[in-house]
Trainee: 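Structure in structure tokens, see below.
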Amino acid sequence: MTAFTSLSALARALFSLWALLLCLACITDILHAAVKKRFLFAFFALLLFAPVYFAWQVIFDFSLFGNGENAAALTRRLCVLPWIWWFAALVFFTVGAAFLLGLIVRYENRHITLGAIKTFLDRIPCGVCCWRDNGRVLFSNVCMNGLCLSVTSSPLLNGESFHAAVKDGIIPVSGKMWRFSCRDILSGGEKLHEMTAADVTTEYEKTQALIKDKADLAKLNQELRDYYLSIDDAVRRQEILQAKVNIHDEMNNLILKSTAANCEDAAALDNIFSLWEKNALLLCMEAEETADEKASSSLEQLAEALKIRLIWQGALPASLSEKQRDLFFSAAKEAVINAVKHASAKTLTVSFEETENCLFCRFSNDGALPPWTFKFTGGLLNLSVLAGKQGAALSADTDKEFILTLRFPKNA
């Protein structure tokens, strides 16, 4: 069988190149395993590298000195071996190097390693950064590096400086809204700082749109509430206008009858005079009955219908204006209704207190106190808004008994 020394120079050069490439492959396996911290694989790759490098060194020595005395004795002995043995040895080393590389890659694909974590964090659309107390960055992904470059115009080298630049909040970066949040974590007994950044552009735009819609809705609700409160005034003005029209028509009718009456017909004149007398008495009765009396009578009728007794501790102060009196009676009606509906009260007491600057109108009932935190809703809320427009204030006290207080400022 042909010895290795009998091969042509080109064939021996191919064997030498093969051995050199195997050396590089073994070095790659060693470095790859060391980076992945798979030191056992690195050790096996190092064991494989030793005979491969030795084979390449033998071939290189033979190429320089041949079988002469300058060549090493071991080189002369190995080179006289059949070339097929060399071929088998290199094939075995090649299979070994490929097998080790396959094991390293397979382990990386099937296990969670530091490299796998780094690859995953570089692919996620949010930023992640971790640093020590002195600001030294231990880890940052591609997204966070790009954000730091956009915000500070410099690479991410100090975590504390970057955190001071963005704070904890939402800031615009490159046309998008990013939320930055920082927290302290404990890793291996060491306190570290972790900051994350998330793209909240869509949520931010929807939130701003919701805030605008809420403001528009609040404005619309206020307009509707004002409109509802103005309905009573409009109805009352309409009723007054209709009453004036009726009186005007009645008086015109009487004047026409008086003009057309036959002065010699005593019965017709007596009839017309009787009609004038009745209308005069009606107008006098209407004039004598004041608006306060009407409102008070209406309030008494409401209390009687709801079977609750009204107790007046004093007369209605004369210092109240017409609008303030209307507001008082509206509050009184609401107090009567709420005392019966929510507290099952039997008595409602109305009292007044005047101070130097204010007039207090209080409505207290003997019903049950509300078991929840009291707040104005419904009719009381509308009354509160109407009182505010007049410079008055509506409040409620639920300490010992339910007291609704309407405060009017003097000289307002």
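Heavy-atom basis, side chains included; hydrogens, waters and symmetry copies ignored. A quick note: this is a predicted structure, and the numbers were derived from the prediction, not measured. By convention here, the first residue in the shown sequence is residue 1.
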Trainee: State whether the number of non-hydrogen atoms from other residues, nucleotides or ligands found under 6.0 Å of Tyr53 atom OH is greater than 12.
Mentor: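 Open.
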Trainee: Among all residues two or more places apart in sequence or in another chain, which pass the salt bridge (Lys or Arg N to Asp or Glu O under 4.0 Å) test with Lys346?
Mentor: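 In terms of salt bridge (Lys or Arg N to Asp or Glu O under 4.0 Å), with neighbours along the sequence ignored, Lys346 is linked to no residue.
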Trainee: Taking the side chain as every heavy atom from C-beta outward, state whether Val58 and Phe60 have any pair of such atoms under 4.5 Å apart.
Mentor: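 With C-beta onward as the side chain, the pair stays apart.
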Trainee: For the pair Cys129 and Leu156, evaluate side chain to side chain contact (heavy atoms under 4.5 Å, CB included) and give the outcome as yes or no after the intermediate values.
Mentor: CA-CA 9 Å; Cys129 177; Leu156 181 53; 3.6 Å; yes
Trainee: Using modelled atom types and a 3.5 Å cut-off, is there a donor and acceptor pairing between side-chain atoms of Thr355 and backbone atoms of Cys358?
Mentor: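 Yes; judged by distance alone, with no hydrogens or angles, the pair exists.
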Trainee: Between atom OG of Ser395 and atom CG of Leu380, what is the distance when rounded to the nearest 0.5 Å?
Mentor: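 Those atoms lie 11.0 Å apart.
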Trainee: Looking only at non-hydrogen atoms, find the nearest pair between Trp56 and Ser16 and report the distance.
Mentor: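 Closest heavy-atom pair between Trp56 and Ser16: CD1-O, 3.2 Å.
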Trainee: Kindly list each side-chain donor-acceptor pair under 3.5 angstrom involving residues 205-220, sequence neighbours excluded, with atom names and distances?
Mentor:
from: Thr207; atom 1: OG1; to: Glu203; atom 2: O; distance (Å): 2.7
from: Lys212; atom 1: NZ; to: Asp216; atom 2: OD2; distance (Å): 3.3

Trainee: For Ile30 and Ala45, work out which heavy atoms get closest and say how close.
Mentor: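 The answer is CG1-CB, 3.5 Å.
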Trainee: Considering all heavy atoms of both residues, which atom of Val137 and which atom of Gly159 are nearest to each other, and what is their separation?
Mentor: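 That would be CG2-N, 3.6 Å.
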Trainee: Restricting to salt bridge (Lys or Arg N to Asp or Glu O under 4.0 Å), what partner residues turn up for Glu194, sequence neighbours left out?
Mentor: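 Result, salt bridge (Lys or Arg N to Asp or Glu O under 4.0 Å) vs Glu194: Arg183.
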Trainee: The criterion is side-chain hydrogen bond (donor to acceptor under 3.5 Å, both in side chains); which residues satisfy it with Glu353, sequence neighbours excluded?
Mentor: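 For Glu353, the residues satisfying side-chain hydrogen bond (donor to acceptor under 3.5 Å, both in side chains) (neighbours in sequence not counted) are Arg362.
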Trainee: Taking only residues at least two apart or on different chains, which pairs with a member in residues 144-157 satisfy salt bridge (Lys or Arg N to Asp or Glu O under 4.0 Å)?
Mentor: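 Residue pairs passing salt bridge (Lys or Arg N to Asp or Glu O under 4.0 Å), neighbours aside: none found.
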Trainee: Taking all atoms of both residues into account, what is the closest heavy-atom pair of Val336 and Leu348, and its distance?
Mentor: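 Closest approach of Val336 to Leu348: CG2-CD2, 3.3 Å.
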Trainee: Could you go through Asp184 and Lys191, starting from their C-alpha distance and side-chain angles, then the distance that decides it, and tell me whether this counts as salt bridge (charged side-chain N to carboxylate O under 4.0 Å, His left out)?
Mentor: CA-CA 7 Å; Asp184 295 336; Lys191 178 182 177 182; 3.7 Å; yes
Trainee: Under the side chain to side chain contact (heavy atoms under 4.5 Å, CB included) rule, what do Glu401 and Asn365 come out as? Steps first, then yes or no, please.
Mentor: CA-CA 7 Å; Glu401 60 179 345; Asn365 63 70; over 6 Å; no
Trainee: Show, in sequence, the C-alpha distance, side-chain angles and deciding distance for Arg325 and Leu316, and conclude whether the side chain to side chain contact (heavy atoms under 4.5 Å, CB included) test is met.
Mentor: CA-CA 9 Å; Arg325 291 172 184 268; Leu316 187 65; 3.2 Å; yes
Trainee: Thr201 side chain to Met177 main-chain N or O, any donor-acceptor pair under 3.5 Å?
Mentor: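 Indeed, once roles are kept as given, a pair shorter than 3.5 Å links the two residues.
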Trainee: Looking at residues at least two apart in the chain, or sitting in another chain, which of them share a salt bridge (Lys or Arg N to Asp or Glu O under 4.0 Å) with Asp397?
Mentor: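 By the salt bridge (Lys or Arg N to Asp or Glu O under 4.0 Å) rule, Asp397 matches no residue at all.
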Trainee: When rounded to the nearest 0.5 angstrom, what distance separates CG in Leu121 from CE in Met144?
Mentor: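 Rounded to the nearest 0.5 Å, the CG-CE separation comes to 11.0 Å.
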Trainee: Who are the side-chain hydrogen bond (donor to acceptor under 3.5 Å, both in side chains) partners of Glu223, not counting sequence neighbours?
Mentor: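 Scan of Glu223 (side-chain hydrogen bond (donor to acceptor under 3.5 Å, both in side chains), adjacent residues dropped) gives none.
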Trainee: What is the distance from atom NZ of Lys176 to atom OG1 of Thr202, rounded to the nearest 0.5 Å?
Mentor: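 Answer rounded to 0.5 Å: 9.0 Å.
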Trainee: Not counting sequence neighbours, which residues clear salt bridge (Lys or Arg N to Asp or Glu O under 4.0 Å) with Glu354? List them please.
Mentor: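 Glu354: salt bridge (Lys or Arg N to Asp or Glu O under 4.0 Å) contacts with Lys410.
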Trainee: Which label fits Phe162 and Phe180: parallel for a plane angle under 30°, tilted from 30 to 60°, or perpendicular past 60°?
Mentor: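 The rings of Phe162 and Phe180 stand perpendicular, inter-plane angle above 60°.
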Trainee: Report yes or no: does Gln57 contribute a side-chain atom to a donor-acceptor pair with the main-chain N or O of Phe54 at less than 3.5 Å?
Mentor: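 It does not hold such a pair.
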Trainee: Write out all pairs satisfying ring pair (Phe, Tyr, Trp, His ring centres under 6.0 Å) with one or both partners inside residues 190-226, taking only residues at least two apart or from two chains.
Mentor: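 Of all non-adjacent pairs touching residues 190-226, those that pass ring pair (Phe, Tyr, Trp, His ring centres under 6.0 Å) are Trp131-His193.
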Trainee: Tell me if the aromatic rings of Phe363 and Phe328 count as close, with their centers under 6.0 Å from one another.
Mentor: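 When the ring centroids of Phe363 and Phe328 are compared, they turn out to be within the sub-6.0 Å range.
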Trainee: For Ala42 and Ala33, work out which heavy atoms get closest and say how close.
Mentor: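 Heavy atoms of Ala42 and Ala33 come nearest at N-CB, 3.6 Å.
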Trainee: Would one find more than 12 heavy atoms of other residues, nucleotides or ligands at under 6.0 Å from atom CZ of Phe360?
Mentor: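 Atom CZ in Phe360 is crowded, with more than 12 foreign heavy atoms closer than 6.0 Å.
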Trainee: Apply side chain to side chain contact (heavy atoms under 4.5 Å, CB included) to Ser296 and Phe329, showing your working.
Mentor: CA-CA 8 Å; Ser296 179; Phe329 283 108; 4.2 Å; yes
Trainee: About how many Å separate CG of Leu302 and CD1 of Ile337, when rounded to the nearest 0.5 Å?
Mentor: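 Reported to 0.5 Å precision, the distance equals 5.5 Å.
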Trainee: Taking the side chain as every heavy atom from C-beta outward, state whether Leu327 and Leu383 have any atom pair closer than 4.5 Å.
Mentor: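 Leu327 vs Leu383: side chains touch.
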Trainee: What closest approach, in Å, do Ala34 and Phe39 show between heavy atoms, and which atom pair accounts for it?
Mentor: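 Heavy-atom minimum between the residues: O-CE2, 4.3 Å.
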Trainee: Counting only N and O atoms by type, is there a donor-acceptor contact under 3.5 Å from the side chain of Asp366 to the main-chain atoms of Ala345?
Mentor: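 Side chain of Asp366 to backbone of Ala345: no pair is present.
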Trainee: Partners of Ser181 by side-chain hydrogen bond (donor to acceptor under 3.5 Å, both in side chains), sequence neighbours excluded?
Mentor: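 Testing Ser181 for side-chain hydrogen bond (donor to acceptor under 3.5 Å, both in side chains), a comparison that skips the adjacent residues, returns Thr196.
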Trainee: Side chains of residues 87-101: which donor-acceptor partners sit under 3.5 Å, not counting sequence neighbours?
Mentor:
from: Thr94; atom 1: OG1; to: Trp18; atom 2: NE1; distance (Å): 3.0
from: Thr94; atom 1: OG1; to: Leu90; atom 2: O; distance (Å): 2.7

Trainee: Using the side-chain hydrogen bond (donor to acceptor under 3.5 Å, both in side chains) criterion, which residues pair with Asn141? Sequence neighbours excluded.
Mentor: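 Counting only residues at least two positions away or on another chain, Asn141 forms no side-chain hydrogen bond (donor to acceptor under 3.5 Å, both in side chains).
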Trainee: Nearest 0.5 Å, what's the CG-CZ distance between Asp168 and Arg179?
Mentor: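 So the CG of Asp168 and the CZ of Arg179 are separated by 11.0 Å.
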Trainee: For the residue pair Phe41 and Leu103, establish whether any side-chain heavy-atom pair is separated by less than 4.5 Å.
Mentor: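 Touching, per the 4.5 Å side-chain cut-off.
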